[in-house]
Amino acid sequence: MQQAMYFLEQKDMPTQWYNIQADLPEPLAPYLHPMTKKPMGPDDLAPLFPMALIMQEVSTERWIEIPEEVQDVYRTYRPTVLHRAYRLEKALDTPAKIFYKYEGTSQAGSHKPNTAIAQAYYNKKEGIKRMTTETGAGQWGSALAMGCAFFDIELKVYMVRISYDQKPYRRILMETWGANCVPSPSQDTKAGQAMLEKWPDCPGSLGLAISEAVEDAFTRDDTHYSLGSVLNHVLMHQTIIGEETRKQMEMADAYPDIIVGCVGGGSNFAGQFLPWIRDKISGDKPDLRVVCVEPDSCPTMTRGIYAYDFGDTAGMAPIARMHTLGHTFIPPPIHAGGLRYHGMAPIISHLLKLGLVEAVSAPQTAVFEAGVKFARTEGVITGPEPCHDLKVAIDEALKCKESGEAKTILIAHSGHGHFDLAAYDAYLSGKLQDHVLPEEDIKKAQTELPEIPA
Amino acid sequence: MIEQYDSKMIRCPRIGGYVNFKLCRSENNMLPCRFVAGCWQMQIDINKYLSEHFSKEELDKAFVPPKPKLESLVATMEKAKQRTGCQS
């Protein structure tokens, strides 16, 4: 019998998050405040986040205990299953062994509850009764709605109005979990009111929804704001994925030669690979390859440079070290995934700079082609973002076919695509197009980086 | 005429659904979305359109890439403080 699923007993679920900051060969560069150009402190963020999360953001402790209350909620869907993709291997006729850790079995359908639950818990513990966030299509909003439901916290989600009107299913998910989901712009904030005065039928934007959620939290003592990607503590909450996978790979008597995952805000893939990369840092597994996949249309890691860069063109946002294409870069957003971001999570940028991870890019049509192949072999309808993982995993498996090597490939699969079927429809009907950013566009953007005071 | 392409539809990868060009030319505080060039370059002569209907200053203001979220929140808080007069 071929064992295609590896189940971890609930009693064996990890009870600590792993903090890569303890093992980095060089520490992360600090965030710089836009006005003072000096490192930001906890007070700068205290109006929005609980102090426990702010402290986790800068902690260098290797292990952070997962509170019992959080573990209890995790156990409503964790440990998630590690799969061996035998049917995909057979279809590719490859000697490679392909595993995928699938986060699509959480109630919200993705990895996002791993941090949503933790954030709701820490806010509750600090006496916060209400939280706010923004959402576009509703993935993060629905995960946080579930997290807040578990800890009896009121949640207000500012959902971009056009999505609110056109895509009711995520909104209904949020409302079912008890969140108050309002279309943005709303009459509930000064930012929303100002926009509605100018444009009564405004369909909204993500930027405006963020402004509303932040204003709401900032102006109420009982309310905090929540963010589901990029930040160090968010990535750390996701490391339960990789810690579980280490145990499951041991059950399979396997160790990955290659780990692949998509990078947008970076939280899912970091959650998988950070617990493995400590073996590479320690020298135990120097040949381990960690491959970050990004879209051809926004090649932040594959063709970006490592430099200080303002967060906005006005130079108002703080400055952080990260891979960037420069702040005047305009990514052509004609891919269907949600990976468009000109600067990666600082931890991932840092690891790339240190040569501990590598990056490749993939065109969107090939990404969806891989998604369809996976659906027709393994049965899973994959979200647009993790389809990037599948594309590169398949490429690596085909290289093994050429070389005859039986490498072990581990895919960080962040979730299903049941609410993203329109993207599949666009692919299947031939509406998706590929775009590769011309080299001259990148060079032009890179000439405009700011000077940093010594 | 600035409305010439308003009825054309495209799938917006940020929003995750279909939108018309009117949204794309005005969603950024009444300026074009910063991604408008990449999205529409296959369908219309977007550079010509932008240069005909927006000043260089407006385009410089509009074409700001996504900000790193943590840092941009500080700036957003500052703006909220100014808007509301509230000191959290």
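Chain naming here is simple, since letters A, B, ... match the order of the sequence lines and numbering starts at 1 in each.
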- request: Given side-chain contact (heavy atoms from CB on, under 4.5 Å), test B/Asn29 with A/Lys198 step by step and report yes or no.
  value: CA-CA 9 Å; B/Asn29 208 10; A/Lys198 280 191 284 189; 2.7 Å; yes
message: Counting heavy-atom pairs closer than 4.5 Å to chain B, which one of A/Ala46, A/Ala191, A/Ala194 comes out on top?
response: A/Ala191
[X] [atom1] to [Y] [atom2] distance, which is reported to the nearest 0.5 Å:
| X | Y | atom1 | atom2 | answer |
| --- | --- | --- | --- | --- |
| A/Ile162 | B/Asn20 | CD1 | CG | 7.0 Å |
| B/Glu78 | A/Phe218 | CD | CZ | 7.0 Å |
| B/Met30 | A/Met195 | CE | CE | 6.5 Å |
| A/Gln193 | B/Arg83 | CD | CZ | 10.0 Å |

message: Just checking B/Lys8: does its NZ atom have more than 12 heavy atoms from other residues, nucleotides or ligands closer to it than 6.0 angstrom?
response: no
field: B/Glu3 atom CD: more than 12 heavy-atom contacts under 6.0 Å
entry: yes
message: What I'd like to find out is whether the side chain of B/Leu73 reaches to under 4.5 Å of the side chain of A/Ile210, using heavy atoms alone.
response: yes
message: Taking the side chain as everything from C-beta on, heavy atoms only, tell me whether B/Glu27 gets closer than 4.5 Å to A/Pro203.
response: no
field: Taking every non-hydrogen atom, the tightest pair across A/Asp44 and B/Met77
entry: O-CE, 3.1 Å
task: Could you look at A/Phe419 and say if it's the side chain, the backbone, both or neither that has a heavy atom under 4.5 Å from chain B?
output: neither
